[in-house]
Amino acid sequence: MSVRTRFAPSPTGNLHIGGARTALFNWLWAKKWNGKFVLRIEDTDRDRSSPEFEESIKRDLKWLGLEWDEGPDVGGAHLPYRQSERLSLYLEILKKLKETDYVYPCYCTPEELEAERKEQLSRGMPPRYSGKCRNLTEEDRKILEREGRVPSWRFKVPQRDGRIEFHDEVHGTYALSYSEVGDFIVMRSDGIPTYLFAAVVDDHFMEITHVIRGDEHLPNTTRQLLLFKALSWQPPSFAHIPMILSREGRKLSKREGAESIDDLRQRGYLPEAVRAYLATLSWAVEGEDFLFDLNEMAKRFELSSISRSSPIHDEERLRWWGSEAIKRKDLKWLADVIVKMTSEGGLPVRITTEELAMLLPEALSGQATIVELLESLNWLFHRPQVHEAVPPWMRDLKAELSKLDDWNKAKIEDKLRAFQKRLGLKAREFFHPLRIFVTGRISGPPLPLIMEVLGKEEIISRLVD
RNA sequence: GGCCCCAUCGUCUAGAGGUCUAGGACUCCGGGUUCUCAGUCCGGCAACAGGGGUUCGAAUCCCCUUGGGGCUGCCA
């Protein structure tokens, strides 16, 4: 059987680094085995799901290079791929469950359940469903329904000793006692299935072979296994990857380090950098070159080498991957992007893509993002605002340079050095202020190169005296 | 509260009983190179949470404690 994995986000927010890493691992595992990567939209939370989030998630996945073989927009053999469009299927399966007596209607209202939970907690009891609707008679049910109550449907968790056990690809054996699991709702009173149920049904019919997801689902898996068993379905393999924690060591939240992929893109990170960074959280690998190529990454990917402890999101390390990715990028490509950005930004373009590509090797110095790269090059597009005192030799230098006809970096450098020596200045005493007047910056590519690129006229006008 | 998961430098991690005076990467620090900064190259600081076992021998196995996380939802 060929490998099929899925990424099943709920469209209740943007794709953030945690979800992106889950998607990445699923993609890698499918591709490693020449299998299929399925995108499934889990929009069963009607209150919080929105089409806008679905769109942004898809856009961000594509940006990361994680294209899906089956899913919304691209179709596939298991249509539809949005849970809200699969409602009749869940109803059908629920019917089976009813017939085999694996579920029962629960007439408790959310308010009653909440009160019950509070009560249990205050008495130091585990907050679990009491099972009070489990043994209702037909007569009881009729009475409750006459009151206008619409039931939800709960799964009858076997009341027995022992534990529900399964093998997890990263955690090894995981087990939970039956007595720890309360009867859980599979179908809400409004006819919408819960995640626990819908995911099981979909994973079965979509023939998912490996469920790779965050380890917050570890306890849930036992419930889902119960469902698989009740339906006589073969469950997939499970791999629960540790969830990324914030700098403070807490679960990622909007307030704490839950960076959205959208945000990283807008800040100018390259997708391969984000991917490589995400991959190395929990995945220990030797070498790093292959991390920039998705297919190479897939070849080397191993579920068994994923570590069990939660990594902490670290911007410093993301930045390092960012600069590595830029360094490896084709110069022409980089130049193209920069030129495009400047023209879109309405900046005067004083340089051709080819010229820029030649300049780039000297200009690259640890910028983590394209935005930073552009920033570091802004002397190309703006005359600097210099507030420093004009050195006394500036007027002479200007005159000297005006006489230089052969305007290339070698000649410029000769001129500059001769001038500096004649003045009796140390190199830094001369070049440093000159750089500031030419670029407004205290660092950058070699000055003669900058001067050649900017052109004689531009340089003369920047050397205010 | 109950149950479960996790635990090596500040961070990501290697390590599957002796090869560990614990290796690599990021950050940081020092030095070389450079007109400057960055980069780059070289070097350096820095960890097995604590306590008990098991064993000739433990970062590696077991137990307890501590710490962190998750689940315990008509969220996913």
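We name chains A, B, ... by the order of the sequence lines, and we start the count at 1 in each one.
- Counting non-hydrogen atoms under 4.0 angstrom, A:Pro242 reaches nothing in the nucleic acid.
- Across every strand in view, B:rG39 sits in a pair with B:rU33 that passes the Watson-Crick or G-U test at under 3.5 angstrom.
- Of the candidates A:Arg213, A:Glu169, A:His171, A:Arg213 is the only one forming a side chain to side chain donor-acceptor pair (under 3.5 Å) with A:His240.
- Distance noted for atom P between B:rC20 and B:rG1: 44 Å (whole Å).
- Spacing of C1' atoms, B:rC9 relative to B:rC29, comes out at 15 Å, to the nearest Å.
- A:Arg154 comes within contact range of the sugar-phosphate backbone alone, with a heavy-atom separation under 4.0 Å but no base atom that close.
- Comparing the same atom, C1', in B:rA7 and in B:rG51 gives a spacing of 15 Å after rounding to whole Å.
- Ring pair A:His210/A:Phe25: centre-to-centre distance not below 6.0 Å.
- A salt bridge does not link A:Glu413 to A:Lys409: none of the charged nitrogens lies less than 4.0 Å from a carboxylate oxygen.
- Base pairing of B:rC3 is made with B:rG70, judged by Watson-Crick or G-U wobble geometry with both donor-acceptor distances under 3.5 Å.
- Within 4.0 Å (heavy atoms only), A:Arg46 reaches no atom of the nucleic acid at all.
- Heavy-atom distances to RNA chain B give each of A:Glu362 and A:Pro311 a nearest nucleotide, and the one nearer the 5′ end belongs to A:Pro311.
- The residue A:Ile442 sits close to a base: some heavy atom pair falls under 4.0 Å.
- Here the separation of B:rA16 from B:rG30, taken at their C1' atoms, is 38 Å to the nearest Å.
- The outermost nucleotides of RNA chain B lying under 4.0 Å from heavy atoms of chain A, listed 5' to 3', are B:rG1 to B:rA76.
- Across all strands shown, A:Asn220 has heavy atoms under 4.0 Å from base atoms, whether or not it also approaches the sugar-phosphate.
- Taking the centre and axis of the six-membered ring of A:Tyr129, the NZ or CZ atom of A:Arg154 falls inside the cone set by 45° and 6.0 Å.
- We find that A:Arg300 and A:Glu296 are not joined by a salt bridge, their nearest charged nitrogen and carboxylate oxygen being 4.0 Å or further apart.
- Contact annotation for A:Ile185: base contact, defined as any heavy-atom pair under 4.0 Å involving a base atom.
- Using a 4.0 Å heavy-atom cutoff across all strands shown, A:Arg317 reaches at least one base atom of the nucleic acid.
- Judged by Watson-Crick or G-U wobble contacts below 3.5 Å, the nucleotide B:rC28 has B:rG44 as its partner.
- Of the P atoms belonging to B:rC26 and B:rG44, the separation is 15 Å, rounded to the nearest Å.
- Between B:rG68 and B:rU8, the two C1' atoms lie 16 Å apart (nearest whole Å).
- Nucleic acid contact for A:His240: none, since no nucleic acid atom lies under 4.0 Å from a heavy atom of the residue.
- Spacing between B:rG2 and B:rC64 at atom P, rounded to whole Å, works out to 15 Å.
- The residue among A:Pro445 and A:Pro151 whose nearest nucleotide of RNA chain B lies closer to the 5′ end is A:Pro445.
- If you check every strand for non-hydrogen atoms under 4.0 Å, A:Ser309 touches sugar and phosphate atoms only.
- Note on A:Lys426: nothing from the nucleic acid sits closer than 4.0 angstrom, heavy atoms only.
- The environment of A:Lys156 atom NZ is dense: over 12 non-hydrogen atoms of other residues, nucleotides or ligands sit within 6.0 angstrom.
- B:rG17 and B:rU55: their C1' atoms are spaced 9 Å apart (whole Å).
- A salt bridge is absent between A:Arg6 and A:Asp202; no separation between the charged side-chain nitrogens and carboxylate oxygens falls under 4.0 Å.
- Within 4.0 Å (heavy atoms only), A:Ser307 reaches sugar-phosphate atoms of the nucleic acid but no base atom.
- Among the atoms of the strands shown, only primed sugar atoms or phosphate atoms (P, OP1, OP2) are found under 4.0 Å from some heavy atom of A:Arg417.
- Ion pairing of A:Glu372 with A:Arg319 is present here, as a side-chain N (NZ or NE/NH1/NH2) and a carboxylate O approach within less than 4.0 Å.
- Across all strands, A:Leu176 comes closer than 4.0 Å only to sugar-phosphate atoms, never to a base (heavy-atom distances).
- Among the atoms of the strands shown, base atoms are found under 4.0 Å from some heavy atom of A:Pro127.
- Here A:Phe166 and A:Phe238 bring their ring centres to under 6.0 angstrom of each other.
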